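Structure, as structure tokens:
Keep in mind it's a predicted model, so treat the numbers as computed, not measured. The residues of the chain are indexed from 1 along the displayed sequence. We count ligands from 1, going down the list as the structure has it; atoms in each ligand are counted the same way.
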Amino acid sequence: SEFCDAGTGFGDSGCVVSSKSASKLLIKGGTVVNAHHQEIADVYVEDGIIVAVKPNIKVGDDVTVLDATGKFVMPGGIDPHTHLAMEFMGTETIDDFFSGQAAALAGGTTMHIDFVIPVKGSLSKGFEAYKEKAKKSCMDYGFHMAITKWDENVSREMEIMVKEKGINSFKFFMAYKGALMINDELLLEGLKKCKSLGALAMVHAENGDAVFEGQKRMIELGITGPEGHALSRPPVLEGEATARAIRLASFVNTPLYVVHVMSIDAMEEIAKARKSGQRVIGEPVVSGLVLDDSGLWDPDFINAAKYVMSPPIRALGHDKALQAALSTGNLQLVGTDHCAFNSTQKAFGIDDFRKIPNGVNGIEERMHLVWDTMVESGQISVTDYVRITSTECARIFNMYPRKGAILAGSDADIIILNPNSSFQITARSHHSRSDTNVYEGRKGKGKVEVTIAGGKIVWENDELKAVPGSGKYIEMQPFSYLFNGIDKADAKYLSSLQAPVQRSKAAS
Ligand SMILES: NC(=O)NCCC(=O)O
Ligand SMILES: [Zn+2]
Ligand SMILES: [Zn+2]
């Protein structure tokens, strides 16, 4: 991988420094795509911000000009779900905030939202630890925060995170018993607190107690290999937890975001709730959209173990159903759950699938695989591609139109995708530090030829110019569009209780 490290100097590492102004860019003649509109236009950028989007922009000699004729000019991808430098299952993910983000940039993603894990239950300590980890960032990032225990202090700290630290979402793990898992009582408290703060509650929806039971069953049957992982946590357990979280969110009347939707069972619960008018967001991840569980049965342990993630990659058929749900709007945006471990780390579970660190790669591959699977196959339009890879994430987490749009005033996070060019994925050439890739050997149509992050060209001619420390922390404000009207529904509910209250008083 050719990283340009700011500390070592561009010249030494073979990267090109333009004599033109690095802060002024013109992208000429491409099809500019936003979530609701596309047109042939030029895009002019100055100092990291898009200044103008219109045809035939004229500029002086000091401006770097990129010809995008015949190509799509789109907002950089925003990955709503990653785990960089995360301590998990006795080890730490192999990609940190530099290598993971460098990989992202090479694949057309210009921002991600990572999950802060509290330190010994302390949210502020967790936040500080992640700010430290993220100092080497080479692209913009934001944070969600996991809630792993409940007391007065956690409740107070949630408020601080939202009001002072730019966090507007909290994740509740309904699985990972004995580690991150929370119970229904905590989930209820968390949902109520999220609602009062205008923060979005997110759930990892699997029934952790039943998973524990399923794991025991497999071990008793003598199934210790990676296939035991999927067999121990079937779709019904994902469906059950998804339904439970949805119903509790309905009871509290607060929006819910279901992360890594991997099964038809979970997807159908989300579709049903949305049909009834409930505000539920479903996030499939690339692995669930394009892979099936056959890899888990590879007799070579390392090959099989690389597919272990939770919820598990499902049997053939779930992938197509998730794609269809995405194309019809039952699911809303695509993440990766990038949580990479190398072969040595995966080998911790050589004798017992329960010890295989859970997680797969995807931060570099998402934009290409979603294009190939969804657009090239004819399932969605190019505007919908922009919506599910960037704009919807920016809207849900309240960053739109600063992020997720090619509009005057938006951050200049832009990709140029050539629909006639092709990509090929292999661990030999990817930018993650992992020695394996779950998408090994995949080829497809549509290649991100240029990535511009914060107004700088960071990926061009298969060459990466990622600068540690250049990424910014993006603070996200509470009360996104998902909260509009929640108070009106509450008022209606309260007034519907007036009659029973009177009746009850009269009866007593
Ligand atoms: N998904 C997974 O297997 N690893 C990352 C942690 C999580 O998101 O549950
Ligand atoms: Zn999860
Ligand atoms: Zn995750």
Checklist entry - Does some non-hydrogen atom of F115 fall short of 4.0 Å from ligand 1? => result no
Item to check | H144-F397 aromatic ring centre distance below 6.0 Å | outcome: yes
Checklist entry - What residue and atom, counting heavy atoms only, is the protein's closest point to atom 7 (C) of ligand 1, and at what distance? => result Y176 OH, 3.4 Å
Checklist entry - For ligand 1, does K171 get within less than 4.0 Å through its side chain, its backbone, both, or neither, judged by non-hydrogen atoms? => result side chain
Item to check | Test: K445 and D372 ion pair at under 4.0 Å | outcome: no
Next on the checklist: Is the contact between N358 and ligand 1 made by the side chain, the backbone, both, or neither, using heavy atoms and a 4.0 Å cut-off?
Outcome noted: both
Checklist entry - Tell me, which protein residue and heavy-atom name are nearest atom 1 (N) of ligand 1, and how many Å apart are they? => result D337 OD2, 2.6 Å
Checklist outcome for this item: Under 4.0 Å from one or more heavy atoms of H204, ligand 1 contributes atoms 9 (O)
Next on the checklist: Please evaluate residues D337 and V259 with respect to the criterion side chain to side chain contact (heavy atoms under 4.5 Å, CB included), reporting the C-alpha separation (whole Å), side-chain torsions for both, the decisive distance (0.1 Å), and the verdict.
Outcome noted: CA-CA 9 Å; D337 198 6; V259 304; over 6 Å; no
Checklist entry - Closer than 2.8 Å to the Zn ion (ligand 3), do we get an N, O or S atom from H81, backbone or side chain? => result yes
Item to check | Short N/O/S contact of V259 with the Zn ion (ligand 2) (below 2.8 Å) | outcome: no
Next on the checklist: I want to know whether H112 and F97 have ring centres closer than 6.0 Å.
Outcome noted: yes
Checklist outcome for this item: the protein heavy atom lying closest to atom 3 (O) of ligand 1 turns out to be S310 N, 2.8 Å
Next on the checklist: Determine whether the aromatic ring centres of residues F172 and F170 are separated by less than 6.0 angstrom.
Outcome noted: no
Checklist entry - Is any NZ, NE, NH1 or NH2 atom of the basic residue among E269 and K272 found under 4.0 Å from an Asp or Glu carboxylate oxygen of the other? => result yes
Checklist entry - Would S327 and Q379 count as a side-chain hydrogen bond (donor to acceptor under 3.5 Å, both in side chains) if you check the C-alpha gap in whole Å, the side-chain angles of each, and the deciding distance to 0.1 Å? => result CA-CA 6 Å; S327 68; Q379 293 192 80; 4.6 Å; no
Checklist entry - Closer than 2.8 Å to the Zn ion (ligand 3), do we get an N, O or S atom from C339, backbone or side chain? => result no
Item to check | Region of M309 engaging ligand 1 - heavy atom pairs below 4.0 Å | outcome: both
Next on the checklist: Quick check on the 6.0 Å ring-centre criterion: do Y130 and F115 meet it?
Outcome noted: no
Checklist entry - Can you give me the NZ-the Zn ion (ligand 2)-ND1 angle for K171 and H204, to 10°? => result 130°
Next on the checklist: Which atom name does D337 have for its N/O/S atom nearest to the Zn ion (ligand 3)?
Outcome noted: OD1
Checklist entry - Under 6.0 Å between the ring centres of H368 and Y439? => result no
Checklist outcome for this item: Numbered in order shown, the ligand 1 atoms found under 4.0 Å of a heavy atom of C339 are 4 (N), 5 (C)
